[in-house]
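See structure below.
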Amino acid sequence: MLIEIPDVISPQQIKSIQSVLKNANFVDGKVSAGNVAQNVKQNEELIQDNSQKMQSLNNILMGSLINNETYKAAVMMKKIGAPFLARYRAGMGYGGHIDNPIMGQMPNMYRTDVSTTIFLNDPEEYEGGDLVIVTKYGEHRARLKAGSAIVYPSTSWHYVDKVSAGERLVCVTWAQSMIQDANKRELLYGLWQAREKMLKENPQAEETQGVDVSYIKLVQMWADV
């Protein structure tokens with residue numbers, strides 16, 4: 001399941017984030033790369049520290065993401081990793097790869113079920129730099145406006161085209177879902193969408209109550225909390 005979510009981060013928040021990143025210290029992205037990624041990763045990452053600025057960025061990014069109703073329904077998050085803020089300048093890209101199945105450090109390790117990229121500047125500000133996710137239906141190219149996010153299975157083969165001009169800014173993070181099976185997550189998300197629409201349009205209808213109960217029972221049956 002691949003979902004694009006608009007306006008996860010507000011325009012005002014985006015301006016605040018960009019202001020901080022303008023004078024921030026970035027390092028070679030290979031410092032966080034695994035053995036495979038070392039060979040294909042060409043970007044820069046914001047230094048992870050306990051500074052007030054970093055904590056402020058994390059609060060904005062993760063607070064907005066985990067409180068987004070669409071994200072919550074699609075991911076059904078159990079654990080989530082700290083965000084990585086990445087910068088791609090001209091000539092930088094990220095070759096084909098699959099995200100590591102386990103991330104974090106003991107005792108806070110987590111399984112990566114769902115990957116998320118939040119775009120922090122508009123596509124008009126750079127050339128190239130498309131996020132390309134390979135699905136069973138072909139390649140999906142994502143080049144979203146600032147503040148929008150794309151959510152996709154961490155088992156997906158994906159890459160970032162080389163940036164040919166300008167600068168691409170993104171935040172990436174990974175989550176462990178309460179629903180490990182991707183097919184079950186997709187089914188629940190589709191049922192949630194139908195349930196939300198029916199509850200708004202005809203909450204007292206018998207079929208609405210039936211869909212509501214079915215959704216709740218399936219979550220209870222499948223969720224690992």
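With hydrogens and angles ignored, the 3.5 Å screen pairs a side-chain donor or acceptor of R143 with a backbone N or O of G128. Side chain of R168 to main chain of Y88: no donor-acceptor pair is present (N/O by atom type, distance under 3.5 Å, no hydrogens or angles). Between the side chain of T116 and the main chain of V172, no donor-acceptor pair closer than 3.5 Å is present. Of the possible donor and acceptor atoms, one in the side chain of K41 sits under 3.5 Å from a partner among the backbone N and O of G29. In terms of modelled atom types and a separation under 3.5 Å, the side chain of S19 and the main chain of K15 share no donor-acceptor contact. D130 places no side-chain N or O within 3.5 Å of a backbone atom of V132 that could act as its donor or acceptor partner.
Under the 4.5 Å side-chain criterion, counting only non-hydrogen atoms from C-beta, I150 is in contact with I133. Here the side chains of L120 and Q18 are not in contact, with every heavy-atom distance at 4.5 Å or above. You'll find the side chain of L187 reaches within 4.5 Å of the side chain of W222, heavy atoms only. Residues Y71 and I3 are not in side-chain contact: their nearest non-hydrogen atoms beyond the backbone lie 4.5 Å or more apart. At a threshold of 4.5 Å between non-hydrogen side-chain atoms, the residues Y94 and V40 count as touching. Looking at T135 and S156, their side chains never come closer than 4.5 Å, going by heavy atoms from C-beta outward. Contact check for N202 versus M198: no side-chain heavy atoms found under the 4.5 Å cut-off. The closest side-chain heavy-atom distance from D161 to R141 is below 4.5 Å.
L169 and F84 fall into different hydrophobic clusters, where Ile, Leu, Val, Met, Phe, Trp and Tyr residues are linked whenever their side-chain heavy atoms come under 4.5 Å apart, directly or through other members. I66 and W174 fall into different hydrophobic clusters, where Ile, Leu, Val, Met, Phe, Trp and Tyr residues are linked whenever their side-chain heavy atoms come under 4.5 Å apart, directly or through other members. The cluster map of Ile, Leu, Val, Met, Phe, Trp and Tyr, joined by side-chain heavy atoms under 4.5 Å apart, puts Y152 and M178 in different clusters. Note: the hydrophobic cluster containing M62 also contains V114 (ILVMFWY, side chain heavy atoms under 4.5 Å, direct or indirect links). In the hydrophobic cluster analysis, where Ile, Leu, Val, Met, Phe, Trp and Tyr join through side-chain heavy atoms closer than 4.5 angstrom, V160 is grouped apart from F26.
Taking each heavy atom of M76 and Y215 in turn, the nearest pair found is CE-OH, 4.5 Å. The two residues N43 and A86 make their nearest non-hydrogen contact at ND2-CB, 3.9 Å. For the residue pair L65 and V8, the shortest heavy atom distance occurs at CA-CG1, 3.9 Å. Closest approach of H158 to L131, counting heavy atoms only: CD2-CD1, 4.3 Å. Closest heavy-atom contact between M109 and G104: CG-O, 3.8 Å. In terms of heavy atoms, I102 sits closest to T112 at N-OG1, 4.2 Å.
Atom CD in E167 sits 5.0 Å away from atom CZ in R87 (nearest 0.5 Å). Note that the CD1 atom of I17 and the NZ atom of K22 stand 14.0 Å from one another [nearest 0.5 Å]. For the atom pair CD of Q52 and CG of N59, the computed distance is 10.0 Å after rounding to the nearest 0.5 Å. To the nearest 0.5 Å, atoms CG (L218) and CG (L188) are separated by 6.0 Å. Atom OG1 in T70 sits 4.5 Å away from atom CH2 in W192 (nearest 0.5 Å). Taking OG1 from T208 and CD from E201, the interatomic distance works out to 9.0 Å, rounded to the nearest 0.5 Å.
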Exercise. Kindly indicate, with the supporting measurements, whether the criterion side-chain contact (heavy atoms from CB on, under 4.5 Å) is fulfilled by M54 and L85.
Key: CA-CA 10 Å; M54 192 67 201; L85 287 93; 3.9 Å; yes
With side-chain contact (heavy atoms from CB on, under 4.5 Å) as the test, would you mind laying out the steps for Q180 and D224 before giving the verdict?
CA-CA 8 Å; Q180 182 176 1; D224 174 17; over 6 Å; no
Quick one, K145 with D7, criterion salt bridge (Lys or Arg N to Asp or Glu O under 4.0 Å). Give me CA distance, side-chain angles, the key distance, then yes/no. CA-CA 9 Å; K145 73 172 186 176; D7 304 319; 3.1 Å; yes
*asked:* Between V211 and E207, does the side-chain contact (heavy atoms from CB on, under 4.5 Å) criterion hold? Intermediate values first, please.
replied: CA-CA 6 Å; V211 170; E207 56 268 28; 5.6 Å; no
**OP:** Evaluate the side-chain contact (heavy atoms from CB on, under 4.5 Å) criterion for residues K78 and R111: first the C-alpha distance (whole Å), next the side-chain angles of each, then the deciding distance (0.1 Å), finally the verdict.
**Re:** CA-CA 10 Å; K78 181 177 182 179; R111 185 183 64 242; over 6 Å; no
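Between D212 and R195 there is a salt bridge, since at least one side-chain N of the basic residue sits less than 4.0 Å from a carboxylate O of the acidic one.
Within 6.0 Å of the NZ atom in K72, the count of heavy atoms belonging to other residues, nucleotides or ligands exceeds 12.
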